[in-house]
Amino acid sequence: MYKAIIVDDEIWAIRGLSGIIPWEKFGFTICATCTGVDEALAAIEKHNPEIVFTDIRMSQKSGLELINSTSAAANKLFPLIVIVSAYKDFEVAKHAIKKGVFDYLLKPLERDVVADVARCAFAEIEMRKKQQEDFSFVDLSAPESLTDAGVLRMLREVGVTNECYIIVSKNELKSEVFFGAVKPGGEHSGTSLRQVRVSGFQFAYLFSGELPNMSQSDVGISCCHENFDAIPEMIKEACFSYYGGFIFSNNGVVSCMQKYIATHYKEKLSISQLADAFNVSEPYVYELFKKHAENTVLGFQQDIRMHYAERLLKDTDKPIGEIAAEVGYDDIGYFGRVFKKHFDCSPSCFR
């Protein structure tokens, strides 16, 4: 049953709408009746109804104030608002409908008309609920998506542990290999996986749980976060991982260093520069990075440059000299030697 609230400052009007049709047969239960806007807002917060029927003219605050307050809340999907108004308020009701009100009922109420509105509202709620459950169409890289109440609720629901990641790929993620029994869109054994969209990638996922050893290449994985509150930063990290061809360390300090290097990979970096950036000693950077990233700082930077070069050679027609400069090499000859050592062939041969 979907929950409904009736708001009117006249008790007889509330009783009339409550009893005009058998609401349960239409999929609704009247969870609250209110005689004022403040009372209604409190009831909406308490019951989280799918639909609210409200009068326009009330003794203290108007139904329009209720509509505006409800619309201002960060919830674009629910509740549906149905205006119940006298004929003289018809123009006001039409104006409210333009603001997103679902429908209106004219007093005196007619049983068949109320039944039709109830049927249409039920169908609309069913459709919106289905859309709300399917987030594969939601582009998390679009700023407006992160203000949508349904999306924010989904982010909280997916974050079932304090180990949360964004994963991006140009290929579909094989969940049965990568996450065992977990299926996209479902939860299993303290883990959760949900498909979403991220601009620039055919496939993107939210994952919460213990990240297993890599068994699928060509993916980008963000740093580990406690929740999904920092989506833009997580997307940036996943892109660093994808285009740089690396997986972030599970050591928090080292993963931050990796992100710093990925941000400045075109520049001339040194251990001393990294030590200054993180206010630690050079030996500490060397030992920590070697232990938790299984690479040197400069080796890690070079690997990132080579993976960027690899993708540019595959995906663009840019001249090799231009690609060399784009990934941080002024000397095309030196770039060629480093590339050949890394891929066992020259850039032109690779292309």
Side-chain angles (χ1 to χ4, degrees), residues 48 73-78 124-248 250 255 258-259 262-263 311 315:
N48 192 25
N75 194 328
K76 296 182 179 179
L77 294 179
F78 301 107
E124 178 72 12
I125 293 168
E126 289 277 283
M127 182 192 72
R128 293 191 185 192
K129 287 280 189 180
K130 184 176 181 181
Q131 289 179 343
Q132 193 177 30
E133 293 168 359
D134 178 17
F135 288 94
S136 61
F137 65 92
V138 174
D139 186 353
L140 292 183
S141 48
E144 61 271 17
S145 69
L146 300 180
T147 63
D148 183 277
V151 174
L152 294 175
R153 189 181 302 113
M154 178 269 290
L155 294 177
R156 291 193 297 271
E157 291 172 353
V158 176
V160 296
T161 73
N162 60 358
E163 297 176 279
C164 297
Y165 306 85
I166 283 184
I167 302 171
V168 296
S169 180
K170 298 295 177 79
N171 300 306
E172 186 171 9
L173 187 150
K174 296 179 174 60
S175 60
E176 69 276 8
V177 175
F178 198 55
F179 299 116
V182 180
K183 302 298 180 184
E187 288 71 34
H188 173 76
S189 302
T191 60
S192 180
L193 180 68
R194 188 70 61 92
Q195 186 173 357
V196 289
R197 285 185 182 176
V198 170
S199 295
F201 296 92
Q202 281 85 350
F203 299 93
Y205 304 86
L206 303 173
F207 176 70
S208 179
E210 183 178 353
L211 197 65
N213 293 328
M214 285 295 300
S215 60
Q216 181 170 332
S217 61
D218 199 35
V219 298
I221 305 176
S222 72
C223 296
C224 180
H225 290 249
E226 290 186 354
N227 50 48
F228 290 106
D229 288 349
I231 289 294
E233 187 63 23
M234 295 176 76
I235 290 175
K236 186 187 298 183
E237 293 164 357
C239 290
F240 283 150
S241 171
Y242 179 84
Y243 290 108
F246 69 93
I247 301 298
F248 282 101
N250 56 13
S255 66
Q258 289 175 309
K259 186 159 53 173
T263 304
R311 296 192 186 280
D315 301 336

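In this structure, the side chains of Ile166 and Val168 come closer than 4.5 Å at one or more pairs of heavy atoms. Using a 4.5 Å heavy-atom cutoff, the side chains of Tyr242 and Asp218 are in contact.
A distance of 12.5 Å separates CZ of Phe240 from OG of Ser255, quoted to the nearest 0.5 Å. Of the inter-residue distances, the one linking Arg194 atom CZ with Phe228 atom CZ reads 10.0 Å to the nearest 0.5 angstrom. The OH atom of Tyr165 lies 9.0 Å from the CE atom of Met234; values are rounded to the nearest 0.5 Å. Rounding to the nearest 0.5 Å gives a distance of 5.5 Å between OG of Ser222 and CD of Glu237. Atom CD of Glu157 sits about 12.0 Å away from atom CG of Leu206, to the nearest 0.5 Å. Put simply, NZ on Lys236 and CD1 on Ile231 are 13.5 Å apart, with the number rounded to the nearest 0.5 Å.
Judged by distance alone, with hydrogens and angles left aside, the side-chain atoms of Ser208 form a donor-acceptor pair with the main-chain N or O of Val160 at under 3.5 Å. Ser169 places no side-chain N or O within 3.5 Å of a backbone atom of Val219 that could act as its donor or acceptor partner. Judged by distance alone, the side chain of Thr263 and the main-chain N or O of Lys259 form a donor-acceptor pair under 3.5 Å. A donor-acceptor pair under 3.5 Å links the side-chain atoms of Ser241 to the main chain of Phe246, judged by distance alone.
Among residues two or more places apart in sequence or in another chain, the side chain to side chain contact (heavy atoms under 4.5 Å, CB included) test is passed with Asp229 by Asn227.
Scanning all heavy atoms of the two residues, the minimum distance from Arg197 to Ala204 falls at C-CB, 4.2 Å. In this structure, Ser145 and Asp139 approach most closely via the heavy-atom pair OG-O, 2.9 Å.
Geometrically, Lys170 engages Phe201 in a cation-pi contact, judged by NZ or CZ lying under 6.0 Å from the ring centre and within 45° of the ring axis.
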Query raised in the report: Could you go step by step and tell me if Val151 and Leu140 meet the side chain to side chain contact (heavy atoms under 4.5 Å, CB included) rule?
Result: CA-CA 9 Å; Val151 174; Leu140 292 183; 4.0 Å; yes
Requested in this report: Before giving the answer on side chain to side chain donor-acceptor pair (under 3.5 Å), spell out for Ser199 and Ser141 the whole-Å C-alpha distance, their side-chain angles and the decisive distance to 0.1 Å.
Outcome: CA-CA 6 Å; Ser199 295; Ser141 48; 2.9 Å; yes
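In this structure, Glu233 places its CD atom where more than 12 heavy-atom neighbours from other residues, nucleotides or ligands lie under 6.0 Å away.
Using a 3.5 Å distance cut-off with no hydrogens or angles, the side chains of His225 and Glu163 do not pair a donor with an acceptor.
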